[in-house]
S.K.: 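Could you have a look at this structure, given as structure tokens, before my questions?
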Amino acid sequence: MKQKLIFILALCVGFVAINEVAVAQKGDYVDFKILYTNDNHGWLEPMPNTGGAAGMYTHWKKNEKYNPSDSKFLVMSGGDLLTGPAISTWYGGESMIEVLNAMGFDLSAVGNHEFDFGPDGLRAKTKTMTFPLLAANINEKATGKLADFVKPYEILEVAGLKVAVIGLATLATVTTTFPKNVKDYDFVPYLDALNKYIGEVESKNPDIIFILAHFGFFDSKDLVPFAKEHKIPIIFNGHYHEKYVYQVDDIYLIQSGCYMQSYVSVPVRFNKTTKEVSISNINIYNNTPIKPDKKIQTIVKKWQDRAEQDLTKPLGYCKEKIKMENPALCRLMARAWLDKFGGDFAYNNIGGVRQDVEAGNIDMRQLIGLMPFDNHIATLELTGKQVLEAFNGPERLYCYGLKKVGNEYKLKNGTTLDESKTYKVVTTDYLISVTPAFKAGKNIEYTDEQYRQPMIELLQKTSQTKPLNDFLD
């Protein structure tokens with residue numbers, strides 16, 4: 001993709017001026033542009049205020065003059081490519097991979113949610129991607145070698161330059177995907193991994209080096225001294241779904257947002273004589289609704305038709321939109337688990353609620369987007385003291401069947417929580433694996449019940465006269 005070097009000369013008034021500009025451009029400077037997204041999460045379809053993948057591609061062609069066969073562009077993602085709406089999740093991310101391939105992505109970092117399909121699933125997906133996944137800090141525990149589904153870095157030809165990109169995965173992966181999916185891997189501290197590979201990278205004499213990382217501002221800020229030492233001008237960020245362009249001690253830290261709602265355009269100029277990199281006019285552009293690109297839209301439509309055929313049987317009804325940030329929606333899912341399995345109360349986490357519930361009929365497409373993970377229901381016994389530890393812990397848990405009233409915690413029947421008493425709790429296998437208070441519980445039982453199934457049964461109780469909104473606490 002990055003094969004042919006194309007020079008574009010500025011048009012100036014007067015023969016002498018044209019000649020001087022041409023010599024300066026050809027002799028000293030090379031310009032190229034980076035198009036960057038992160039946390040795409042399978043959002044290939046348009047939304048009410050965004051154009052989806054086909055709209056973004058139109059923006060790239062119209063505003064950036066993008067052509068995937070043009071060597072002047074480097075297209076990258078900060079990871080978390082696939083898990084999200086049903087059109088991607090239900091089909092194992094195949095649809096999103098096809099779209100990203102067609103859009104001409106060159107590289108991606110490894111996001112924590114790349115592991116949602118397990119290491120074998122991830123390994124299989126890399127074989128259908130036309131671009132590599134980068135992470136210099138994922139090692140096999142058994143051998144100490146780099147995981148076989150990633151590359152530590154990549155060196156590409158961009159506008160005739162050798163551009164090196166080193167990848168890093170977040171250390172939080174061990175708790176932000178199902179822990180069993182990463183149990184065979186060590187996530188090496190960022191600086192250790194960079195120090196391990198930087199000599200090898202620099203020995204290949206790249207013109208420019210970038211860091212492509214699936215973590216946020218503060219982790220990147222800690223790497224600024226390393227970046228300055230090795231003349232790395234940009235650390236690309238992800239994971240936190242934020243939009244920013246910060247400059248810390250002359251090093252740019254960049255994150256584009258999420259869900260293909262926006263992208264970052266980074267113009268880069270390299271002085272071939274001085275070997276200096278200059279970067280200016282970095283912009284974050286919203287993917288506003290626009291006429292979709294026909295090539296990308298054809299792929300999206302193919303998968304929309306397939307989802308329409310497979311997943312549109314109505315399950316329930318919602319009168320008014322329920323936002324994913326609403327804690328009552330998080331508790332509602334826990335209520336469905338408690339209603340089916342019985343117990344004193346149920347826990348869910350806000351990070352497990354991934355999509356709004358739109359008004360109207362609810363089908364499997366909406367439900368899978370709301371609950372996209374392969375989690376299962378589990379029950380356990382906790383003392384009241386452990387319950388409080390979980391209730392007040394850092395995991396952003398929400399509880400159905402227990403709430404704080406004044407200085408006391410009350411159960412549904414009005415009784416006060418007793419720290420010495422044992423209670424039956426319903427949650428998911430994932431939350432047991434990442435919540436210390438749950439790990440310390442007794443009589444843990446893992447069921448075969450997929451965590452969406454109780455929610456399906458609750459939805460089937462709804463109707464236009466008794467919508468889902470009426471079930472919110």
Side-chain angles (χ1 to χ4, degrees), residues 172 175-176 240-241 316 318-357 359 370-371 373 375-445 447 449 451-452 454-455 457-459 461-462 466-473:
T175 57
T176 51
Y240 289 101
H241 299 191
C318 182
K319 183 178 181 181
E320 297 176 349
K321 181 176 182 175
I322 307 172
K323 297 286 289 182
M324 60 182 284
E325 300 87 357
N326 188 343
L329 179 58
C330 187
R331 288 193 293 267
L332 179 66
M333 292 155 62
R335 171 184 175 173
W337 306 338
L338 189 66
D339 286 349
K340 182 161 188 180
F341 285 88
D344 296 295
F345 28 81
Y347 280 100
N348 192 14
N349 69 313
I350 197 68
V353 183
R354 307 297 292 194
Q355 187 173 305
D356 300 337
V357 178
L370 177 70
M371 308 171 72
F373 305 118
N375 298 336
H376 292 77
I377 303 299
T379 64
L380 68 158
E381 292 180 353
L382 297 177
T383 65
K385 183 178 180 181
Q386 291 170 322
V387 167
L388 291 178
E389 289 175 3
F391 200 66
N392 296 306
E395 288 83 16
R396 298 181 70 198
L397 300 177
Y398 285 90
C399 184
Y400 178 78
L402 181 69
K403 65 179 180 179
K404 194 172 185 179
V405 180
N407 294 320
E408 295 183 324
Y409 288 87
K410 298 285 189 179
L411 279 67
K412 285 192 303 179
N413 60 12
T415 60
T416 300
L417 183 76
D418 185 341
E419 291 192 25
S420 63
K421 187 177 177 180
T422 298
Y423 298 91
K424 181 182 177 181
V425 176
V426 186
T427 187
T428 66
D429 50 1
Y430 166 74
L431 284 176
I432 288 177
S433 68
V434 298
T435 307
F438 292 171
K439 290 180 182 179
K442 302 295 184 182
N443 296 322
I444 298 174
E445 295 185 12
T447 77
E449 183 94 346
Y451 81 142
R452 282 189 291 267
M455 192 65 180
E457 294 169 20
L458 186 150
L459 286 170
K461 299 176 183 178
T462 68
K466 191 172 179 57
L468 185 66
N469 312 79
D470 291 355
F471 288 78
L472 298 174
D473 59 36

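Heavy-atom basis, side chains included; hydrogens, waters and symmetry copies ignored.
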S.K.: Is the distance from the ring center of Tyr347 to that of Phe438 below 6.0 Å?
M.R.: yes

S.K.: Taking the side chain from Thr435 and the backbone from Leu431, do they hold a donor-acceptor pair closer than 3.5 Å?
M.R.: yes

S.K.: For Phe373, does its backbone N or O pair with a side-chain atom of Tyr451 as donor and acceptor, under 3.5 Å?
M.R.: yes

S.K.: Tell me every residue that passes side-chain hydrogen bond (donor to acceptor under 3.5 Å, both in side chains) with Glu389, counting only those two or more places apart in sequence or in another chain.
M.R.: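 Residues passing side-chain hydrogen bond (donor to acceptor under 3.5 Å, both in side chains) with Glu389: none at all.
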
S.K.: What are the two closest heavy atoms between Met333 and Gly352, and how far apart are they?
M.R.: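 Residues Met333 and Gly352, closest heavy atoms: CE-O, 4.0 Å.
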
S.K.: Any side-chain heavy-atom pair from Tyr400 and Trp337 closer than 4.5 angstrom?
M.R.: no

S.K.: Is there side-chain contact between Leu458 and Leu468, with at least one heavy-atom pair below 4.5 Å?
M.R.: yes

S.K.: Going through the checks in order, is the side chain to side chain contact (heavy atoms under 4.5 Å, CB included) test met by Thr447 and Phe341?
M.R.: CA-CA 10 Å; Thr447 77; Phe341 285 88; 3.8 Å; yes

S.K.: Below 4.5 Å, heavy atoms only, C-beta onward: do Glu445 and Leu380 meet side chain to side chain?
M.R.: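 Result no, sub-4.5 Å side-chain heavy-atom pair not found.
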
S.K.: Has Lys340 got more than 12 heavy atoms of other residues, nucleotides or ligands less than 6.0 Å from its NZ?
M.R.: yes

S.K.: If we ignore angles and hydrogens, is there a donor and acceptor under 3.5 Å between the side chains of Asn469 and Glu320?
M.R.: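 Note: Asn469 and Glu320 side chains miss the donor-acceptor criterion.
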
S.K.: How close do Leu397 and Ala390 get, heavy atom to heavy atom, and via which atoms?
M.R.: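 Distance-wise, the nearest heavy atoms are CD1-O, 3.6 Å.
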
S.K.: For Ala336 and Pro454, which heavy atoms make the closest approach, and how far apart are they?
M.R.: O-CB, 3.5 Å

S.K.: Looking only at heavy atoms, which two atoms of Gln386 and Ala437 are closest? And how far apart?
M.R.: O-CB, 3.7 Å

S.K.: Give the minimum heavy-atom separation between Lys439 and Val434, together with the two atoms involved.
M.R.: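 Distance-wise, the nearest heavy atoms are CE-N, 4.1 Å.
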
S.K.: Taking side-chain hydrogen bond (donor to acceptor under 3.5 Å, both in side chains) as the test, write out the residues that go with Arg331, two or more places apart.
M.R.: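 Scan of Arg331 (side-chain hydrogen bond (donor to acceptor under 3.5 Å, both in side chains), adjacent residues dropped) gives Asp473.
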
S.K.: Distance-only, no hydrogens or angles: does the Thr462 side chain make a donor-acceptor pair with backbone N or O of Gly316 under 3.5 Å?
M.R.: no

S.K.: Nearest 0.5 angstrom please: Asp429 CG to Thr379 OG1, how far?
M.R.: 11.5 Å

S.K.: When you compare the side chain of Met455 with that of Leu332, does any pair of heavy atoms fall below 4.5 Å?
M.R.: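 The answer is yes; the side chains approach within 4.5 Å.
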
S.K.: Can you establish whether the number of heavy atoms outside Lys410 located under 6.0 Å from its atom NZ is more than 12?
M.R.: yes

S.K.: Please tell me if the side chains of Leu411 and Leu417 come closer than 4.5 Å, counting only heavy atoms from C-beta onward.
M.R.: yes

S.K.: Once you round to the nearest 0.5 Å, how far does CG of Leu472 lie from SG of Cys330?
M.R.: 11.5 Å

S.K.: Would you say the side-chain atoms of Arg452 pair up with the backbone N or O of Met371, donor to acceptor, closer than 3.5 Å?
M.R.: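 Side chain of Arg452 to backbone of Met371: a pair is present.
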
S.K.: Please collect all side chain to side chain donor-acceptor pair (under 3.5 Å) contacts where either partner lies in residues 418-427, sequence neighbours excluded, each pair once.
M.R.: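 Listed once each, the pairs are Asp418-Ser420.
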
S.K.: Is any side-chain heavy atom of Leu338 less than 4.5 Å from a side-chain heavy atom of Lys412?
M.R.: yes

S.K.: Can you name the nearest heavy-atom pair linking Ala334 to Ala346, along with the distance?
M.R.: O-CB, 3.3 Å

S.K.: Hey, are the side chains of Asp356 and Ile322 touching, using non-hydrogen atoms and a 4.5 Å cut-off?
M.R.: no

S.K.: With a distance cut-off below 6.0 Å to the six-membered ring centre and an angular limit of 45° from the axis, does Lys466 pair with Phe471 as a cation-pi contact?
M.R.: yes

S.K.: Calculate, to the nearest 0.5 Å, the distance between atoms CG and OH belonging to Leu329 and Tyr398 respectively.
M.R.: 11.5 Å

S.K.: Can you confirm whether Thr428 sits close enough to Asn349 that some side-chain heavy atom of one is under 4.5 Å from a side-chain heavy atom of the other?
M.R.: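 Not touching, per the 4.5 Å side-chain cut-off.
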
